[in-house]
Amino acid sequence: MEFAAIFALSLLIGALVLLVAVAVGRQKDELSEQNEQKKDSSAPVEESAAKASSKKQKQQQRPRKEKPQQHTFSHKLLASSLKNHSGNVTCLDFSSNGKYLASCSDDRTIRIWSTKNFLERDHKCLRANVEFDHATLVRFSPDSRAFITWLANGETIRIYKMIKKDDGTFSFKASSEDFPQKHKGSVINIGIAETGKFIMSASVDTTIVIWDLKGEVLATINTNQMTNSHVAVSPCGRFVASCGFTPDVKVWEVCYAKSGEFKEVARAFDLKGHSAGVYSFDFSNDSRRMVTVSKDGTWKLWDTDVEYKKKQDPYLLRTVPCQVSEGSRIALSPDGRVVAISNGFDIAMYSATTGELEEEFHGVHSEEITDLKFDINNRFLVSSGDRAIRVFHNATGYRAAIQDMQSMLKKASNEGVRQRLQQQITDAQNALDTVLNATKN
């Protein structure tokens, strides 16, 4: 009996030990499985973290993006390149006193350059900032003490005064109020009459607005040309002309009473002769000559010194074939002797006297040329298209002047006139030789 009790107790103890052993084994298996799951789940995280770290290192090691390189251009007649703008230059204008060149850009600045430094190694300029906007057009006032701009976002005219400092430089002060918004289409040009009596603005939708200097509208013109491609005020300050889709150029006179009060805008004359739309036109400094360039692949020279009030039409003096493209610009030197035409990235220079092609400049800018201007003294031609302003010697102008004066010398009978012409020929030849020798060096 006692033996049976001991045997039963032993069986019970053995069963308990067996149950404990089984439970411990299961717990170990569960812990092992959990550890494996943790390892499996942590592996992608670690792998992702490793990839992120590697990507970050690669980004840190990746070289910085370099700024786009300035377009390079060289030519024997290139006097200089003005490169202070950080954005594309859209418009150029020389002051009437010949001392300054104004340029505006989408970098929100207007730069004023001294023309006497064009041939120097360093080209310093003064900067006027355009707050919260940028100017697309700029024009000097007749007295060269102020300039007007067209603001791209504000769609208005703003006047800046140039305040001279003791050191000879300028500070710039914007007017307290801009002109009211009147244009519905994109504005393609602005201008100030040399008389100082009115300001002009023109949009692509055939509208021209004539303003007084305080921003009051004097008159509005509808050109009826479907679209305007170019509009400008004549250097004499009397006329406003426009061209566009139609094959003619229309010219109006802005009339004032003897008392000085605005009277009316009256149609003066038209330039008719092209067989397709006119891209651009320009005046000589005395407004007695005009040039036009057309989609028909020609440029024309006109004598506009006519009595239009007596119904006298302008005279067509010359038609010359040329290379053109959409947006071609034309410029006539102030003395009327040289014609410059842009075609995409290129510029061609012609003698207005003979119509002969004198010079060609290829690849002047990295983008299409936006403006083309001669300086008031006929020494330089400037162009814009990218961030640089190109300044060219007007060698064609010197040659044309020499030829004209030699022709006049042959006809002159007065000894005093002959001596004066001979001196002028000598001076022009010396200036041309200086330019050519400088380009050789």
Side-chain angles (χ1 to χ4, degrees), residues 66-73 78-95 99-115 117-118 122-141 144 146-162 169-175 178-179 186-192 201-204 230 232 280 327 329 331 342 344-345 347 361 363-375 380-392:
E66 296 182 359
K67 292 182 179 180
Q69 291 186 349
Q70 186 79 284
H71 175 67
T72 57
F73 169 79
L78 181 66
S80 59
S81 294
L82 313 179
K83 299 181 178 181
N84 286 40
H85 279 292
S86 60
N88 287 351
V89 180
T90 55
C91 186
L92 303 168
D93 193 46
F94 282 102
S95 60
K99 293 182 178 181
Y100 309 110
L101 170 68
S103 61
C104 63
S105 162
D106 55 17
D107 63 6
R108 296 186 174 184
T109 68
I110 298 157
R111 308 269 177 168
I112 306 297
W113 313 80
S114 173
T115 56
N117 294 331
F118 278 177
D122 296 324
H123 306 110
K124 295 180 180 180
C125 64
L126 301 175
R127 183 179 72 183
N129 295 320
V130 182
E131 298 294 336
F132 311 112
D133 210 327
H134 70 274
T136 57
L137 300 164
V138 60
R139 295 286 178 259
F140 274 109
S141 63
S144 305
F147 56 84
I148 63 171
T149 63
W150 180 260
L151 302 183
N153 299 328
E155 297 182 338
T156 184
I157 291 173
R158 178 173 294 172
I159 299 176
Y160 286 82
K161 291 184 178 180
M162 300 169 60
T169 61
F170 293 95
S171 62
F172 306 100
K173 183 179 181 181
S175 57
D178 298 332
F179 280 28
S186 299
V187 168
I188 56 174
N189 205 6
I190 57 175
I192 310 179
S201 61
S203 53
V204 72
H230 185 60
S280 181
R329 306 301 296 261
S342 69
F345 313 105
I347 298 173
F361 311 125
V364 179
H365 296 279
S366 61
E367 299 186 36
E368 291 190 0
I369 292 169
T370 55
D371 212 350
L372 207 56
K373 287 281 192 308
F374 284 95
D375 77 305
F380 303 107
L381 171 72
V382 297
S383 67
S384 62
D386 46 30
R387 290 180 292 160
I389 301 168
R390 306 294 185 196
V391 182
F392 295 93

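Quick caveat, the model's predicted, so the values are computed rather than measured.
Of all non-hydrogen atoms in Gly385 and Glu367, the two that sit nearest each other are O-CB, 3.8 Å. When all heavy atoms of Ser103 and Leu92 are compared, the closest pair comes out as CB-CD2, 3.7 Å. What you find for Leu82 and Ser80 is that their closest heavy atoms are CD2-OG, 4.1 Å. Nearest heavy-atom pair, Ala146 versus Met162, reported as atom, atom and distance to 0.1 Å: N-SD, 3.9 Å. The minimum heavy-atom distance between His230 and Ser280, with the atom names listed, is CD2-OG, 4.0 Å. Considering all non-hydrogen atoms of both residues, Asn153 and Asp133 come closest at N-OD1, 2.9 Å.
At distances below 3.5 Å, at least one donor-acceptor pair connects side-chain atoms of Ser105 with backbone N or O atoms of Gly87. Side chain of Arg139 to main chain of Ile190: a donor-acceptor pair is present (N/O by atom type, distance under 3.5 Å, no hydrogens or angles). Within the 3.5 Å criterion, the main-chain N or O of Glu131 finds no donor-acceptor partner in the side chain of Asn129. Not a single donor-acceptor pair under 3.5 Å links the side chain of Ser203 to the backbone N or O of Ser186. In terms of modelled atom types and a separation under 3.5 Å, the side chain of Thr115 and the main chain of Lys99 share a donor-acceptor contact. With Arg329 contributing its side chain and Thr370 its backbone, the two residues share a donor-acceptor pair below 3.5 Å. Checking side-chain atoms of Ser95 against main-chain N and O of Tyr100 turns up a donor-acceptor pair under 3.5 Å.
Note on ring orientation: taking the six-membered ring where Trp is involved, the planes of Phe361 and Phe73 are perpendicular (angle over 60°, cut-offs 30° and 60°).
Taking SG from Cys125 and NE2 from His85, the interatomic distance works out to 7.0 Å, rounded to the nearest 0.5 Å. For the atom pair Phe172 CZ and Ile112 CD1, the distance stands at 5.0 Å (nearest 0.5 Å). A distance of 6.0 Å separates SG of Cys104 from CG of Leu137, quoted to the nearest 0.5 Å. A distance of 5.5 Å separates CD1 of Ile347 from CG of Leu381, quoted to the nearest 0.5 Å. Here CZ of Arg390 is found 10.0 Å from CD1 of Ile369. Values are rounded to the nearest 0.5 Å. Taking OG1 of Thr149 as the reference point, atom CD1 of Ile159 lies at 9.0 Å (rounded to 0.5 Å).
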Discussion item. Is there a side-chain contact (heavy atoms from CB on, under 4.5 Å) between Arg387 and Ser366? Walk through the geometry before answering.
Written reply: CA-CA 9 Å; Arg387 290 180 292 160; Ser366 61; over 6 Å; no
Discussion item. If you apply the rule side chain to side chain donor-acceptor pair (under 3.5 Å), what do you find for His365 with Ser383, and how did you get there?
Written reply: CA-CA 9 Å; His365 296 279; Ser383 67; 2.9 Å; yes
Item to complete: Step by step, work out the ring pair (Phe, Tyr, Trp, His ring centres under 6.0 Å) result for Phe380 and Phe392.
Response: CA-CA 5 Å; Phe380 303 107; Phe392 295 93; over 10 Å; no
Worksheet item: Under the salt bridge (Lys or Arg N to Asp or Glu O under 4.0 Å) criterion, do Lys373 and Asp371 qualify, and how do the steps go?
Response: CA-CA 7 Å; Lys373 287 281 192 308; Asp371 212 350; 3.1 Å; yes
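Taking the six-membered ring for Trp, Phe147 and Tyr160 have ring centres closer than 6.0 Å.
Under 3.5 Å, the side chains of Thr136 and Thr90 contain no donor-acceptor pair of N or O atoms. If you check the side chains of Ser201 and Trp150, you find no donor sitting under 3.5 Å from an acceptor. Residues Asn117 and His123 have side chains that never bring a donor and an acceptor to within less than 3.5 angstrom of each other.
Looking at Thr109 and Val130, their side chains never come closer than 4.5 Å, going by heavy atoms from C-beta outward. Within the 4.5 Å cutoff, no side-chain heavy atoms of Leu101 are placed close to those of Asp93. Contact of the Asp386 side chain with the Val89 side chain is not registered, since no non-hydrogen atoms from C-beta on lie closer than 4.5 Å. Looking at heavy atoms from C-beta onward, Asp375 lies out of side-chain contact with Phe118 at the 4.5 angstrom threshold. Annotation: side chain of Asn84 is in contact with side chain of Trp113 (closest heavy-atom distance under 4.5 Å).
Residues satisfying the side chain to side chain contact (heavy atoms under 4.5 Å, CB included) criterion with Asp106, sequence neighbours excluded, are Asn88, His134.
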